[in-house]
K.L.:
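Quick one: the structure is below, questions incoming.
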Number of protein chains: 2
Amino acid sequence: MAHKVRISLDAMGGDHGPSVVIPGAEVSLTRHPDTELILFGDSRQIEPLLAAHPRVKAASRLVHTDVAVAMDAKPSQALRQGRWKSSMWLAIDAVKKGEADVAVSAGNTGALMVMSKLNLKMMAGIDRPAIAGVWPTLKGESIVLDVGASIGADAEHLVHLAAMGSAMARVLFDIDRPTVGLLNIGVEEVKGLEPVRAAAQMLRERNLPHLDYIGFVEADSIGKGTADVVVTEGFAGNIALKAAEGTARQLGEYLRAAMTRTLRAKLGYLFAREAFRAVREKMDPRRSNGGVFLGLNGIVIKSHGGADAEGFAAAVDIGYDMVRYELFAKIRQTLGHDAGAASSIQMVGGAAS
Amino acid sequence: MAHKVRISLDAMGGDHGPSVVIPGAEVSLTRHPDTELILFGDSRQIEPLLAAHPRVKAASRLVHTDVAVAMDAKPSQALRQGRWKSSMWLAIDAVKKGEADVAVSAGNTGALMVMSKLNLKMMAGIDRPAIAGVWPTLKGESIVLDVGASIGADAEHLVHLAAMGSAMARVLFDIDRPTVGLLNIGVEEVKGLEPVRAAAQMLRERNLPHLDYIGFVEADSIGKGTADVVVTEGFAGNIALKAAEGTARQLGEYLRAAMTRTLRAKLGYLFAREAFRAVREKMDPRRSNGGVFLGLNGIVIKSHGGADAEGFAAAVDIGYDMVRYELFAKIRQTLGHDAGAASSIQMVGGAAS
C-alpha cells in the first residue's frame, strides 16, 4: 500500500451535518487507518466535535467555510450561493486540485451532481454522469446504475454504464469478471426499448474485458442477485430503487403493527428478537449506503442525507475502496477498446498543441 | 341491478388451465350470483370439472375449442396459431360480439394484449392500450398504470391514463374524486421527463371531473398510499411493480430463513404465527390479482398465470366490478370534456355517411 487514501469530506452535508460526519469519519478511520481527511465546513461547529474524536483530529486538516448548501436548494440556487466557497464545492474542488482522491458528501444530491459535473468535468468518451447504488440481494449485493443522475440513455451510454458498473463491482466484490444484465421488461408487445436492445447487441459483440454480459434482467430479479451489475437509465433505475425501498418500509410497518397487536404476537417477537434483528440488518439501508458518481474525472460519493454515523462511515468506506482498488484503472481496462477512438483523437490533439 | 354480468372465460389460460379457472369461477360465483359465464376451451378437460362444480355448470355455457395459446408463445406466434379459434381469441371475441361484458384470461399477457387490441380496437380518442394493476398500500389499495402495455408516453397519453385510472378507482374503491399522482423522480438535475412535466400542467389546467390531481409522486410513496391512482408509462410502471414484488419476496425469504435458524426463533414464530399470517395476507398477491386492460372498446382482465383458484376468482371479481359499476361510463364522464373534439368529429363523420 503506497500512499494513504486522501478523502475530502463535506462536513456540513446531510440532515445532521458535522454531528454525523465527524463520528462517521471516526468509525471509518478505525477500519482504514491509512486514510487522510480534509474537512470542509464551519470550524465553530466542527472543532468541538474534533476534540471529542481525537482519531479524526489527528488524521485531518480542517478548512473553514461559512457557506453550506441547503438540503432543499435547487441546483441552480446551490450554484449561485455555493460555487467556489461552500463546503460541498470545496470538497469536490480538493479532488479537482489533486489534494484528495475522493470526495464524500451527504448533502443535496442535485447540487452535488451539478457541482461535481461543473468542476470535475466528464471523463473522455463519457457523455453523461451516472449514480451507482449498492443493492442488497439474496446472494449478497449487486450494483445498480444509473439510479437517477441522467434521464434516458442511448445504447452507447448504456454500454458505458455497463463498463463503469462492472469496474465498480470488481472493486467492491473482488471478482474478476462480474455478470452484467440490462434492466428490461418482459411483458409487452415489443420487448423493451430500442436503446436497450441495441445495447444488448453491442455488449454481445464487443465482448468487453472483465465483463460477463448475461442478457436482460427483470426488476424482480435484482433482489435475487441474478446479475452483479444491473444497468438502466436513471429514470427507471431511480424508480426501481425507490419502489424497493418503499416496499421494504411497507413490509416493516406491517410487521411492526402485527407484532404488537396481540399478547401472543408480542411474546413471539420477544423470542424471535434476534431473528428480527438479523433480518433488519440484512435490509439495513446503512449497510449499503453510498451512491457513487460515475463518469466524471474524479470520484464523488453521495451518502444518504438522513444517514447516521454508521451509515456515513459506510459511504466513506466505499470511497476508500474506490481509490484503494483503483476504480479508474479498472474502468479504463474495460473501456480501453471502446474508448480507443476517442482517446487517440485526444492524443493527436495533445501532440499538435 | 338490471341484467346479469356476462363474463367470458379463457378456460385454457394460465399455468394450470381449467383446473384453476373452473374452481376460481365457482369462488367468484358464490360472491356474485348475478353472473353468467361463457367458457371457452377443451370440453374433454372442462366437462369433468363442471360435474364437480355444479354452480359453475348451472351458470355457464361451454364452447369447445381445441386450440389454446401457449404461455410462452410470442404474440406473433399466438396470432398465427390462435386467431379466430383459440380459447383466448374466442373469449375476447364474445366481448366484441356483445355476448359478454368482460373477458378474463390467465394466459400469455403479450398474446392477450395483441389479440384484444386487434379484435376490440382502441377507444375513440385513446391511442395506446394500458394495463392497470392494484397495488396494496399502508392505507388500503391504489391503482398503478400503465404496468407494461405500452412503452413510453406523451403528455396526452399520460392524461388519458389519469382519466382511465381514476375511473377504475371510482369503480373499485367507491370514491367520487380519487387522488391522482404522476410518477416521477426527485433526485436529478432536471426534475423529470418532459412529457411528465407537460402532463402535470395539462392535468392542473384541464381540471377534469372526478379526478383530484395532487402532483408528482415518487416510487417509494406508492406503498404509502399517497395517491389513489399513480400514473406512468409502461416501462417505468412495470419496473416499479416488479421491483416491489421482488423486494416483498426477498424480505419473505429473509424472514423464513431467520425464523427457522434457531430454536428461540422457531418458538417465536409459533407464538406469532397469527401475526405472520396477517402480514402475509396483506401482501398476498392473490388479493390484488387482476390487471385491467384499458383503452380498448371492451374490458379484458388479465389474471396472473400462476394464480390459484382464489387468485383467479379475484381477477373475475374485478371484471364483475368493472361491468357492474360501469367503468366505461365513468371513463367517458372524465374524458368527456377532453375527448370532446375527437367525438364531435366522429359524430360529424357519422352524420355525413
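As a basis for the values below, the full set of heavy atoms in this structure was taken, side chains included, without hydrogen atoms, waters or symmetry mates. We name chains A, B, ... by the order of the sequence lines, and we start the count at 1 in each one.
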K.L.:
What part of B/Arg249 gets within 4.5 angstrom of chain A, counting heavy atoms only: side chain, backbone, both, or neither?
P.N.:
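For B/Arg249, side-chain heavy atoms alone lie under 4.5 Å from chain A.
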K.L.:
Heavy-atom pairs under 4.5 Å with chain B - which of A/Leu267, A/Leu263, A/Thr232, A/Leu138 has more of them than the others?
P.N.:
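Most heavy-atom pairs under 4.5 Å with chain B: A/Leu138.
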K.L.:
Heavy-atom pairs under 4.5 Å with chain A are the metric here; pick the option from B/Pro136, B/Ala257, B/Ala236, B/Ala243 that has the most.
P.N.:
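Of B/Pro136, B/Ala257, B/Ala236, B/Ala243, B/Ala243 has the most heavy-atom pairs under 4.5 Å with chain A.
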K.L.:
When only heavy atoms count and the cut-off is under 4.5 Å, which of residues 268-275 of chain A reach chain B?
P.N.:
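Listed by number, the contacting residues are A/Gly268, A/Leu270, A/Phe271, A/Ala272, A/Ala275.
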K.L.:
Give me the atom names and distance for the closest heavy-atom approach of A/Ile185 to B/Gly234.
P.N.:
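Residues A/Ile185 and B/Gly234, closest heavy atoms: CD1-O, 3.9 Å.
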K.L.:
For the atom pair CG (A/Leu241) and CD1 (B/Ile239), what is the distance rounded to the nearest 0.5 Å?
P.N.:
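Taking CG in A/Leu241 and CD1 in B/Ile239, the distance rounds to 12.5 Å.
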K.L.:
Using the test side-chain contact (heavy atoms from CB on, under 4.5 Å), find all partners of B/Met123 that sit at least two apart in sequence or belong to another chain.
P.N.:
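Per chain and number, B/Met123 pairs via side-chain contact (heavy atoms from CB on, under 4.5 Å) with B/Ile126, B/Asn297, B/Phe328, B/Ile331.
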K.L.:
If a pair satisfies side chain to side chain donor-acceptor pair (under 3.5 Å) and one of its residues is in residues 253-264 of chain B, list it, with sequence neighbours excluded.
P.N.:
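Matches after skipping sequence neighbours: B/Gln250-B/Tyr254, B/Glu253-B/Arg256.
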K.L.:
Taking every heavy-atom pair that is under 4.5 Å apart, which of A/Ala111, A/Gly252, A/Ala248, A/Gly152 has the most such pairs with chain B?
P.N.:
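Going by pairs under 4.5 Å, I would pick A/Ala248.
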K.L.:
Output the residues of residues 219-229 of chain A for which the shortest heavy-atom distance to chain B is under 4.5 Å, in residue-number order; output 'none' if no such residue exists.
P.N.:
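Interface residues of residues 219-229 of chain A: A/Ala219, A/Asp220, A/Gly223.
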K.L.:
Are the side chains of A/Leu251 and B/Leu255 in contact, using a 4.5 Å heavy-atom criterion?
P.N.:
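They are not in side-chain contact.
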